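To start, the structure under review is shown below, and the notes come after it.
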Number of protein chains: 2
Amino acid sequence: MPDLLTIGELSARSGAAPSALRYYERLGLIRADRTGGNQRRYARAELRRVAFIRISQQVGVSLDEIREALDSLPEARTPSPQDWARLSASWRSRLDERIRLLSRLRDDLDGCIGCGCLSLQRCTLNNPGDTLAGEGPGARLVLPRPTDAPTPARSLG
Amino acid sequence: MPDLLTIGELSARSGAAPSALRYYERLGLIRADRTGGNQRRYARAELRRVAFIRISQQVGVSLDEIREALDSLPEARTPSPQDWARLSASWRSRLDERIRLLSRLRDDLDGCIGCGCLSLQRCTLNNPGDTLAGEGPGARLVLPRPTDAPTPARSLG
DNA sequence: CCTTGAGTTGAAGTGCACTTCAACTCAGAG
DNA sequence: CTCTGAGTTGAAGTGCACTTCAACTCAAGG
């Protein structure tokens with residue numbers, strides 16, 4: 001009844017490349033049994049883990065953080081729907097925050113950059129308060145400084 | 001009246017590190033005049049370009065695409081508000097799409113992963129139609145294959 | 001004039017998330 | 001038994017967006 005999956009099957013089902021699955025295993029995100037011939041065999045529960053990994057990435061979570069989340073799952077038993085619900089919920093506020101920021105950015109694109117005032121006064125993208133007061137005069141983007149944000153931004157769901 | 005900015009000043013105003021500004025220059029995203037002593041001096045218009053770059057990154061656009069967009073600006077004159085409005089508008093649909101996908105993901109987090117059915121049947125995160133029919137049985141995540149998406153997903157506003 | 005902070009360069013390094021490679025073995029069909 | 005496609009490994013490579021470094025020069029105040 002275990003009904004084990006080969007790496008190729010797990011790859012096809014999860015959408016992750018075999019090389020990515022091996023990489024996840026190295027990082028401790030998933031695990032596999034081995035056949036007598038040293039080939040990986042995945043329990044069906046691993047499929048759910050990979051699904052969680054890929055969805056979490058869409059939310060903008062790093063593999064390191066995903067690993068921490070997965071580490072909080074019970075090791076003794078197969079994680080229950082409630083276990084997964086708890087993990088998923090933990091990304092929820094993050095997702096909300098990201099949606100909120102993007103929505104605000106969209107509004108600003110219409111109302112501020114759209115009008116060409118980009119980086120000038122009275123723009124919502126500029127410092128509206130005085131949080132940067134004392135650092136000298138002049139308008140500043142409200143975007144986080146490099147020290148605050150890991151910055152790298154590639155195409156993301 | 002040029003009122004030129006040093007790299008330090010542009011950095012402070014734009015939120016981009018000096019090393020990032022030099023990097024943008026190497027990629028042809030911004031330009032700088034030089035003093036007799038070979039130091040960079042930026043026209044105020046460059047501030048707007050850097051603002052556009054950083055905002056575009058928030059939208060999830062690569063520097064390469066941003067360069068292409070900036071290349072479409074008139075070289076002869078200082079870009080007008082209309083020019084910026086046009087560029088900004090070109091990201092709009094992208095931003096909308098990203099917000100839409102994230103919103104859908106949030107709904108799925110509540111309705112599908114939240115219930116623990118992750119990667120199983122009747123889940124909106126699974127193939128709802130038959131776009132993958134013929135590739136064998138079994139549920140599949142709807143997330144794009146590695147070949148379709150550059151994948152890397154770090155924290156992103 | 002001296003000092004100090006800000007700026008200059010090319011080359012190399014970083015971090016993440018993988019992918020590719022070469023050289024090899026395994027598993028299942030015929 | 002043979003063939004082929006799928007799997008194995010560690011090491012190295014990739015792509016993006018930068019950062020860091022060493023060694024140096026410049027600019028401005030005292």
Side-chain angles (χ1 to χ4, degrees), chain A residues 4-30 32-42 50 53-54 56-68 136 143-157, chain B residues 4-30 32-42 50 53-54 56-68 136 143-157:
Chain A
L4 301 171
L5 301 168
T6 66
I7 195 168
E9 289 164 345
L10 182 58
S11 172
R13 293 294 187 83
S14 68
S19 61
L21 295 175
R22 296 193 193 97
Y23 178 66
Y24 294 159
E25 186 176 334
R26 273 225 317 279
L27 297 188
L29 293 167
I30 58 177
D33 293 326
R34 295 299 180 117
T35 65
N38 199 36
Q39 294 199 353
R40 289 174 180 80
R41 285 296 125 68
Y42 298 94
V50 178
I53 292 166
R54 289 176 66 75
S56 299
Q57 287 187 308
Q58 300 277 311
V59 183
V61 183
S62 72
L63 289 183
D64 204 55
E65 287 177 288
I66 295 171
R67 187 188 45 69
E68 280 178 38
L143 307 179
R145 295 296 320 247
T147 42
D148 305 325
T151 316
R154 251 93 101 247
S155 84
L156 184 53
Chain B
L4 301 170
L5 299 168
T6 66
I7 195 169
E9 289 163 346
L10 182 58
S11 172
R13 292 296 186 84
S14 67
S19 62
L21 294 176
R22 296 194 192 98
Y23 178 66
Y24 295 159
E25 186 176 335
R26 274 226 314 279
L27 297 190
L29 294 167
I30 57 177
D33 294 324
R34 296 299 180 118
T35 65
N38 198 36
Q39 295 198 353
R40 289 174 181 79
R41 285 300 126 80
Y42 298 93
V50 179
I53 292 167
R54 290 176 67 75
S56 299
Q57 286 188 308
Q58 299 277 311
V59 182
V61 183
S62 71
L63 289 183
D64 204 55
E65 287 177 287
I66 295 170
R67 188 189 43 69
E68 280 177 38
L143 307 179
R145 294 297 319 246
T147 43
D148 304 326
T151 316
R154 251 93 101 246
S155 85
L156 183 52

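A note on names: the letters A, B, ... follow the listed sequences, proteins ahead of strands, and every chain is numbered from 1. Quick caveat, the model's predicted, so the values are computed rather than measured.
For the pair B/Arg26 CZ and D/dC16 C1', the interatomic distance rounds to 12 Å; values are reported in whole Å. In this structure, the CZ atom of A/Arg54 is 13 Å from the P atom of C/dA17, given to the nearest Å. Rounded to a whole Å, the CG atom of B/Leu29 is 13 Å from the C1' atom of D/dC16. Computed from coordinates, the B/Asp33 CG to C/dT8 C1' distance equals 16 Å when rounded to whole Å. Between the OH atom of B/Tyr42 and the C1' atom of C/dA6 there is a distance of 13 Å, rounded to whole Å. Rounding to whole angstrom units, CG of residue B/Leu10 and C1' of C/dG7 are separated by 14 Å.
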Using the 3.5 Å cut-off, write out each protein N or O paired with an N or O of nucleotides 20-30 of chain C and the distance between them.
| from | atom 1 | to | atom 2 | distance (Å) |
| --- | --- | --- | --- | --- |
| C/dA27 | OP1 | A/Thr35 | OG1 | 3.3 |

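Here D/dG7 is the nucleotide among D/dG7, D/dT8, D/dT19 with the atom lying nearest to any side-chain atom of A/Thr6. Checked against D/dC18, C/dT19, C/dA17, the side chain of A/Ala17 finds its nearest nucleotide in C/dT19. For A/Ile7, the side-chain atoms get nearest to D/dG7 when compared with the rest of D/dG7, D/dC18, D/dA17.
Residue contacts shown for A/Arg34 are limited to sugar-phosphate atoms, with no base heavy atom under 4.0 Å away.
In this model, the phosphate group of C/dA17 is not approached by any side-chain N or O of A/Tyr24 to a distance below 4.0 Å at OP1 or OP2. Look at A/Arg40 and you'll find a side-chain N or O under 4.0 angstrom from OP1 or OP2 of D/dT9.
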List the steps, then state whether side-chain contact (heavy atoms from CB on, under 4.5 Å) holds for A/Val50 with A/Tyr42.
CA-CA 11 Å; A/Val50 178; A/Tyr42 298 94; over 6 Å; no

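Every residue meeting the salt bridge (charged side-chain N to carboxylate O under 4.0 Å, His left out) condition with B/Arg67, not counting sequence neighbours, appears here in chain and number order: B/Asp64, B/Asp71. For B/Arg34, the side-chain contact (heavy atoms from CB on, under 4.5 Å) partners are B/Glu25, B/Asn38, B/Arg40, not counting sequence neighbours.
When side chains are defined from C-beta on, B/Thr6 does not count as touching B/Gln39, because their heavy atoms never get closer than 4.5 Å.
Within the model, atoms CG of B/Leu21 and OG of B/Ser14 stand 5.0 Å from one another, a figure rounded to the nearest 0.5 Å.
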